[in-house]
Amino acid sequence: MTPRQLRNYIDGRFEDGASTFDKHSPVDGRLIAQVHEADRGQVNRAVEAARRALPAWAALPVAARTDYLLALADGIDRRFDDFLQAEIGDTGKPVGWAGKIDIPRGAANFRAFAELARTLDMESYMTDTPDGRQALNYAYRKPLGVVGVISPWNLPLLLLTWKVAPALAFGNTVIMKPSEVTPSTATLLAEVADEAGLPPGVLNLTHGFGPNSAGEFMTAHPGIDGITFTGESATGAAIMRAVAPGVKPVSFELGGKNAALVFADADFDAAVDGVTRSAFANCGQVCLCTERVYVERPIYERFVEALAARAKAMRIGWPMEPDTEMGPLVSREHREKVLSYFALARQEGAAVAAGGGIPEFGDARDAGAYVQPTVWTGLSEQARCIKEEVFGPVCHVAPFDTEDEAIRLANDTRYGLAAAVWTQNLSRGHRVAQAMKVGLAWVNCWFLRDLRTPFGGSGLSGIGREGGRHSLHFYTEPTNVCIKL
């Protein structure tokens, strides 16, 4: 089969890159696409096109601008099967996950921010003045400008649209740079934008890598007004260095070493189900996934046994089979990283309760990037496998004796993204969730999201918050207007 050609989209036109690189399937290793890498000149032209388009796009009436967003959502729905095949081809994730989460959420993001932009109110105050009169103060929000959007490979469409939608809704123009590992759905989104008649230059796409490629060319470009990025903490630090000379705003959602706390009074079956999902969903390749599980001692042994049984019973297979629960990791390269942690855990003294290796199929999947869902016990809290993000289908389970100890263990990390608390004690649920040093804390659930709520983390997990009105703080610049009455 002839591989697809994934081209750049600049100023309303698709064009070849100066060079190409191959995209291979993580399922069986076959070549599925050739990606056209943008050179510095193409990134420059994308920025110039976005700057030219900015004044007219920002000046569009809100209703007209959000009509375009709704057209993008409709376009994703109309080409649902194309997006689904592209997402599965790039990531290998099961159809049940991609078809129920990634593609629907991609369309939902555009609709949610279109609705927000249409119903947004202004902040205003009446101020008493020394002469006994008053002044009216109100905040007027203007677009940030040209926004560079760098999206990750784990949830390629969902997290791309999570950034593109508010940027466009609030009047910015955009240059997208998807991960080189997952370029397909970003290309389809550019096609949908073209089909929807989005004005040239409003939404641009440049393919490539980070250093000395499209990523670096964009982050260092003086014509970019801000960068929003989801991905590894080390890459976030590199972007901060690149934008520092221009003191440009950044919005980062980075890594996590997330904890789950399971108290003895929890609904045991619900907690096992929840931790199974939070540890192994999308092959553990979600920034919100649980890698550290702390279980109150009276139920610790029983919980480890139940979780290990669930891991061993997970159906690992072809992504398009409806009963597949876990597909491959995103690439063979990423698998090598995960396997290195499997080996390190053994060196650090871990007992392997489940998994720890590579499944064997006896067919084409053996050329893919599969690993087994893995459960560890017995590691020291100072072990590297406890402190460093693995980003694979693995978790470590350790006991605790008191609530204070559980909180201390969960917060003993340089990351601060998410936590899950499992308890039927309502007061404890509130108390412990509020004590977590994270941006998102779930009680008796995981990955349950309302798009209006703040999303993000602290420490090595990022800067800023996205979601609903919180996205305004990055994608717009407020000006306070004071009028003496």
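These numbers were taken from a predicted model, which means no experiment stands behind them.
Within the structure, every pair that satisfies the ring-ring contact (aromatic ring centres under 6.0 Å, His included) test and touches residues 181-226, not counting sequence neighbours, is listed here: F21-F209.
For S213 (side chain) and G210 (main-chain N/O), no donor-acceptor pair under 3.5 Å exists by modelled atom type.
Y68 and W57 have tilted rings, their planes meeting at an angle from 30° to 60° on a 0 to 90° scale. Note: F391 and W153 have perpendicular aromatic rings, judged against thresholds of 30 and 60 degrees for the angle between ring planes.
Here the side chains of C289 and W446 are in contact, with some heavy-atom distance below 4.5 Å. Side-chain contact between H430 and V443 is absent, with no heavy atoms from C-beta onward closer than 4.5 Å. Side-chain contact between R79 and E191 is present, with at least one heavy-atom pair separated by less than 4.5 Å. Residues W442 and L440 have side chains in contact (heavy-atom distance under 4.5 Å, counting atoms from C-beta outward). Taking 4.5 Å as the limit, every side-chain heavy atom of T413 sits out of range of all side-chain heavy atoms of K387. In this structure, V181 and P156 have side chains that are not in contact, with every pair of non-hydrogen atoms separated by 4.5 Å or more. Counting only heavy atoms from C-beta outward, the side chains of R40 and V43 never approach each other to under 4.5 Å. Residues C287 and E253 have side chains in contact (heavy-atom distance under 4.5 Å, counting atoms from C-beta outward).
Residues P143 and F170 come closest through the heavy atom pair CG-O, 3.3 Å.
Under the ring-ring contact (aromatic ring centres under 6.0 Å, His included) criterion, W97 pairs with F447, sequence neighbours left out. Applying the side-chain contact (heavy atoms from CB on, under 4.5 Å) rule to K100 yields no partners; only residues at least two apart in sequence or on another chain are considered.
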Tell me, with the steps shown, if E15 and R45 meet salt bridge (Lys or Arg N to Asp or Glu O under 4.0 Å).
-> CA-CA 12 Å; E15 57 181 69; R45 289 195 293 104; 2.4 Å; yes
When you look at F342 and Q372, which way does the side chain to side chain contact (heavy atoms under 4.5 Å, CB included) test go after all the steps?
-> CA-CA 10 Å; F342 285 6; Q372 295 170 332; 5.7 Å; no
Take I463 and M240 through the test side chain to side chain contact (heavy atoms under 4.5 Å, CB included) and record every step on the way to the result.
-> CA-CA 11 Å; I463 297 173; M240 287 190 75; 3.8 Å; yes
For side-chain hydrogen bond (donor to acceptor under 3.5 Å, both in side chains), just list the numbers for K163 and T230, CA-CA rounded to whole Å, side-chain angles, deciding distance to a tenth of an Å, and then say yes or no.
-> CA-CA 9 Å; K163 298 174 182 298; T230 296; 3.0 Å; yes
Going through the checks in order, is the side chain to side chain contact (heavy atoms under 4.5 Å, CB included) test met by D225 and R51?
-> CA-CA 10 Å; D225 295 304; R51 298 219 70 85; 3.0 Å; yes
Step by step, would you call Y415 with S233 a side chain to side chain contact (heavy atoms under 4.5 Å, CB included)?
-> CA-CA 9 Å; Y415 293 95; S233 301; 3.6 Å; yes
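For an aromatic pair to be called close, the ring centres must be under 6.0 Å apart, and W422 with Y294 fails this.
In summary, of the residues considered (N154, N109, D102, V149), a side chain to side chain contact (heavy atoms under 4.5 Å, CB included) with L159 occurs for N154 alone. Partner of R7 under the side chain to side chain donor-acceptor pair (under 3.5 Å) criterion, chosen from D16, T20, T187: D16.
In this structure, D412 does not pair ionically with K257, as no charged nitrogen and carboxylate oxygen lie closer than 4.0 Å. A salt bridge links K93 to E87: one of the charged nitrogens lies within less than 4.0 Å of a carboxylate oxygen.
Atom CD of E348 sits in a crowded spot, with more than 12 heavy atoms from other residues, nucleotides or ligands closer than 6.0 Å. Shown here is E123, whose CD atom has no more than 12 heavy atoms of other residues, nucleotides or ligands within 6.0 Å. For CZ of R118, the number of neighbouring non-hydrogen atoms (other residues, nucleotides, ligands) closer than 6.0 Å is greater than 12. Surrounding CZ of R452 are at most 12 heavy atoms belonging to other residues, nucleotides or ligands under 6.0 Å away.
No donor-acceptor contact under 3.5 angstrom links the side chains of T206 and Q42, judged on distance only. Side-chain contact, K142 with T479: a donor N or O sits under 3.5 Å from an acceptor N or O.
For the atom pair CD (E466) and NE2 (H473), the distance works out to 12.0 Å, reported to the nearest 0.5 Å. If you take CD1 on I88 and CD1 on I32, they are separated by 11.0 Å, rounding to the nearest 0.5 Å. If you take CG on L157 and CG on L188, they are separated by 8.5 Å, rounding to the nearest 0.5 Å.
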